[in-house]
Amino acid sequence: MSQEHTLDPNNLPKDPAKSTLEGKHKFLGLWFFLGGETVLFSCFFATYLALKNSTAGGPTSQDLFGLELVFIMTILLLTSSLTSVYAIYHMKNYDFKKMQLWFGITALLGLAFLGFEIYEFYHYITDYGFTFRSSAFGSAFYTLVGFHGGHVVFGLSWLIALMVRNARRGITLKNASKFNTFSLYWHFIDVVWVFIFTVVYLMGMVS
Amino acid sequence: MSIASTQQKGFWAILWDYLTTVDHKKLGNMYIAAGAFFFVLGGIEALVIRIQLAKPENDFISAGLYNEMITMHGTTMIFFAAMPILIGFMNAIMPLQIGARDVAFPFLNSLGFWLFLFGGIMLNLSWFLGGAPDAGWTAYAPLSIQSPGHGMDFYILGLQLSGAGTLMGGINFLVTIVTMRAPGMTYMRMPLFTWTTFVASILILFAFPALTVGLFLLMFDRLFGSAFFDVALGGNSVIWQHLFWIFGHPEVYILILPAFGIFSEIIPVFSRKRLFGYTSMVFATFLIAFLGFMVWAHHMFAVGLGPTANAIFAVGTMAIAVPTGIKIFNWLATLWGGSITINSAMLWSLGFIPSFTIGGMTGVMLGATTADYQYHDTYFVIAHFHYVIVGGVVFGILAGLHYWWPKLFGKVLNEAMGKIAFWFFFIGFHLTFFIQHFLGLMGMPRRYWVFLEGQGLDTGNMISTVGAFLMGIGSLVFIINVVYTTVKGEKAGNDPWGDGRSLEWSISSPPKEYNFKQLPLVRGLDPYWIEKMEGNKKMTPAQPVNDIHMPNGSILPLIMTIGFFIASFGFIYQVDNNLWLIALFGGMAIALGSMLARSLVDDYGYHIHKEDLEKEVD
Amino acid sequence: MNRWMGKIKALILLGFVSLVLAACGKENLTALDPKGYGAEVSMDIMILSIIIMIAVFVIVMLVYTVAIIRFRRKKGQENYIPKQVEGNHKLEIVWTAIPIVLVIILAVPTIFTVFDLADDADASESISIDVTGNQYWWHFNYSNEEIQTSQDMYIPVNEKVYLNIDSADVIHSFWVPTISGKMDANPENTNTMYIEAYEEGVYWGKCAELCGPSHSLMDFKIVVVSQEEYDQWVEDMKSVDPEAEPETASAQEGKDLFEANSCIGCHAIGSSPSAVGPNLTNFANRTTLAGVEDLTYENLVDWLMNPEALKPGNKMTGNYPELSEDEASSIAEYLLGLDHSEINPESAGNE
Amino acid sequence: MTENTSMSKLNSYQNHKSKEEMKHQVITFALMIIFTLIAFYAVAVDMDKIFVIPLILILAIVQVGFQFYYFMHMKDKGHELVALLIFGGIWVAAVAILTFTTIIWW
Ligand code: HEA
Ligand code: HEA
Ligand SMILES: [Cu+2]
């Protein structure tokens, strides 16, 4: 192992995530990627908006959506954003245990969110017969929300892999940047959700 | 790991080296080689098209095959020939120009290459697996949804794979330029090719996601029964057109901007004069990129978007003439007062100016909506975009190949053959496409398998076909030149043109794997030129000789790509037989598994030691 | 090299001139000889734009040629280093401003004409025809008159006609270059545009959006006749009796076969709205067979026996029992008797 | 390096600064929750559409601004280029959504 990546306890960099060149690259790379993701999701949103009334006689958004479930999901995901902020805070203070703890909570919140989302889809399919193939609205809805869900799944796997892999290593200059990029990604997932609950669910329920 | 000796390596060792390399120069060359292969493929398809259209009501190929031919020609040329070759240049040259030892993400760079290559292979395998895609490179729904067989599915997944690779490349270049410039290389001292790489990468970053989304929708409709474009279930096919062109128009600037960058390098060098209006060139590049996102509906004037939308997009489209004009005039002003040498690289550049200007002007004519109602989907459009693409992008690629060949491969291309190739290609090019403006206006729509006898279109089409063959001869001469040079060419020094201005000319041809033994100190625009003018033969180093950190090669990118490749087949064939789901999940498992392997195993790279470096001669 | 350049220029010029001499393509197909309102408006914009472009091109080429000739490195200049000019603000402003002005000159009339051509103020009091694109033929429904026909559209001269264009399958595009620019036929909506022809005649129309293998064979015609002839045509078409007895026995046989082989299931005769295949009411008056071939007895028999040979991928192939040559001949005879109107392409003068 | 480095080794100024920052973040979070509540409430009580839709959209945009600027530190130094690119993306996104909601009407 090269000496570049270990920490010298007497000379701790202020921000371990960006103190190596590699860390800087990761940080910028992820942000730029999020710029692209912005366009990606906006295209899904745009498609959804263009097709949201094309129900082909099937269930409409008013028939389907309920406030309670979406509210719970929103709170879960928003909170998980905060907990990951806490985790990064502890990372910058080189408090590994606390970081793992808060990331652990983040993962649990994310999992709970995912559980609710699966329940929601299941509910639409079994109780309303509203599927991906029912209508253009159905396709657009499941694609938009499903892509977001897919991002959550990917984020969770990423987080769990990071936590497991580094469980015995503690914070190093190499993995600090990885945790940091993950948290940026996770916030972005939250950003997308804010628009989903507003544009898809809330606007879909306004009559 | 020693680099001191050029030890003889066996074939397998060399192959392994290329399969695992993360070196930006090798990857650049691989991009160029693969792109050239696809260019010949696309060119042969073009010749087949022209043979079919040589005379009226010809039956050289069948109607279905013709549609496959144009689709594959357009798709191959744009996605697998022009773009990869340009990305190859970006890879091989841009880090040298900013004084970097590599790109920011070498691993990702290699992944991007393999994804592109397997995307191209995927697309072309369709020829052998029941028929190629046949709905045009624009794949308009619902025709593309109804297209029988699996051709369109290969199009979708092939582009999806290579698109992911391109996106990675774009992000990689952006980060590289932001973080890895040599000491003193401020933004406003970057060579224009680096600038255009930067801006084209931004375009990639914002344009490709739109294509990704569009392809997902197509894929879901075709393979999983969704209803985005199914009118009976409320779908709307115009959505595809929007998504495609939100991507598609920026895409043409992704192609032309790097070509502009290449000309902006060549023209000053062979005029022995610094680029006129550097600042406005940079500014114009950004303006083109910015406006490029607000004009896409000019491809959809006939769709019936309504007069307001058509008028707005018409104005946006015409506006692009202004920044492009700035560029043209700056090049002319660079020539003016210079000391011009005309060799092959310069010939292609000089051929570019009138050709591209014609193409650009017909572009503005197309932008005038009312007139576009007549031009749209005729050979006038074909003429327009071949003028800008061949006269701009292909000329740019060929100019760049001649110019940078010594840097890439250490040998100077043969001048005589270079000139012969140019004249054949140049004359053939104008012969082929100039007449097509008139064919279009005389009532010949594009994508026509046959045109009827007695409609006054015979002579024009014949001329066009002849021209295409002249272009073919030109291309052949170039290929012969490459072979000849490889075998017999003379070795090139660091600065074979004598007038090199940017950093890549200050190091050996081809460069060492670490590019710069010591990072150079940049003291202004055209840093190498400055040092030469002030009597120093070489760049002042910005640091003492030190250990150089290098990334390790890896086979994982290739394995990952193969995983996705297998999964793509799974996606395509699961509609026929559920067993293919095994391929889908298996492929995904391979891909995700290698991703996991990559993130679990820390790769610390290796070091080239100071002692070894000091033994090296420059 | 200059010698070469000169030769190429001459060559290009020669090509250009010979083209202009060869007129502007086939009459009633070319967009360069407009005989309708839309085409004329487009032509005006084209001329305006080409004037601007030629001016720009001449300037660019002038500077370019002079620069290459004057500043070529000459013998003895091997070590000459020209002045390294950074730029020139005045010049740069000039070549930014002039294109802006030129673009505005082009943009303003463009905007006005775009709105002009989209104007539908007269739609309610004009003739209106529902146009439907199909793989690979066109259907015309004169909804106010209850007339259905296909492939040949009859309109009166000097009269605004509104077209409501849509598609029954994939996207097509309606284009009659000499009369007007294109309008797409989309499956999910109806686009409206108006056309107005200035001269009587038969005008070629073409499908301009890739729609499958026989895209290039999806031609149609607009037959422009005088107002009286048009009224007569409407009259004739309305009074067609689909059940009328054919004149000859073999034609009668053809009629029976036509019904027995369920041709009638797709091809209506008369004003029935059925439009799976082209409406055949005035079939024998058509300019062409299937849009592209001469309408002769032999060709028709060939078509009936093997439509795939003429139009690959068409929707008729395989949807009716195989016909023997005799059967095909009878049907052809029957169809060629369907000339229920006195108004036919010849009435339009040309061709 | 497996040992955790204890907080005490950090200088106190930096420590203080990040404490301060944490406070901001908690406030941000509280505001986000409040915004969310308002948005859901506005829909739940069935107010007029003309009023609700702009309201919830504005709330969403502000909330997302919080995420970007506070949670994702876009307000910090060294994020200028990042901000530029994100706004580039948002610009393209806005143009796309605008067209899809205006000229795809059938
Ligand atoms: C490298 C590729 C490239 C480039 C650079 C361009 C550049 C431009 N293109 Fe082109 N275009 C294509 C590739 C490209 N295009 C392709 C592939 C298609 C067809 C896709 C398909 O349907 O398959 C297409 C189609 C296309 C259309 C749609 C036509 C139709 O289908 O009906 C339009 C319409 O506006 C258009 C316009 C323009 C304009 C205004 C520019 C401008 O950027 C040009 C600007 C340049 C100049 C104007 C010349 C230099 C300027 C001066 C000397 C200054 C003075 C000039 C004036 C005042 C006019 N293009
Ligand atoms: C980068 C983009 C690019 C390039 C470089 C080209 C290059 C050429 N294209 Fe283009 N073309 C497109 C992109 C491009 N094209 C696109 C996007 C379309 C639209 C497709 C669609 O409608 O969907 C199109 C459509 C298109 C058409 C219209 C088809 C139709 O609408 O029906 C035609 C017709 O003439 C044509 C011709 C040519 C020719 C003659 C060349 C020449 O310049 C090619 C020159 C190269 C060669 C001739 C190859 C040389 C080969 C060798 C030297 C090897 C020889 C070996 C053997 C013989 C064994 N192309
Ligand atoms: Cu465009």
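Note that the structure is predicted; figures quoted are calculated from it, not measured. Below, chain A is the first sequence line, B the second, and so on; all start at residue 1.
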Practice problem: Specify which of A:Phe27, A:Phe137, A:Phe44, A:Phe33 makes the most heavy-atom pairs with chain B at under 4.5 Å. | Solution: A:Phe44
Whether [X] side chain and [Y] backbone form a donor-acceptor pair below 3.5 Å:
X	Y	answer
A:Ser135	B:Leu233	no
B:Ser226	A:Arg133	no
B:Asp547	B:His609	no
A:Asn166	A:Leu162	yes

With a 4.5 angstrom heavy-atom cut-off, is it the side chain or the backbone of [X] that approaches chain A, or both, or neither?
X	answer
B:Leu205	both
B:Leu592	neither
B:Phe229	neither
B:Leu243	side chain
B:Met168	neither
B:Leu108	neither

Chain B heavy atoms under 4.5 Å from [X]: which part of the residue, side chain, backbone, both or neither?
X	value
A:Leu51	side chain
A:Tyr142	neither
A:Ser42	neither

Practice problem: Sort out for me which residue in A:Phe141, A:Phe197, A:Tyr128 forms a ring-ring contact (aromatic ring centres under 6.0 Å, His included) with A:Phe65. | Solution: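 Answer after filtering A:Phe141, A:Phe197, A:Tyr128: A:Phe141.
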Quiz item: Is the ring centre of B:Phe247 less than 6.0 Å from the ring centre of B:Phe208?
Solution: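 When the ring centroids of B:Phe247 and B:Phe208 are compared, they turn out to be within the sub-6.0 Å range.
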Quiz item: Looking at the rings of A:Tyr89 and A:Trp102, which for Trp means the six-membered one, are their centres under 6.0 Å apart?
Solution: no
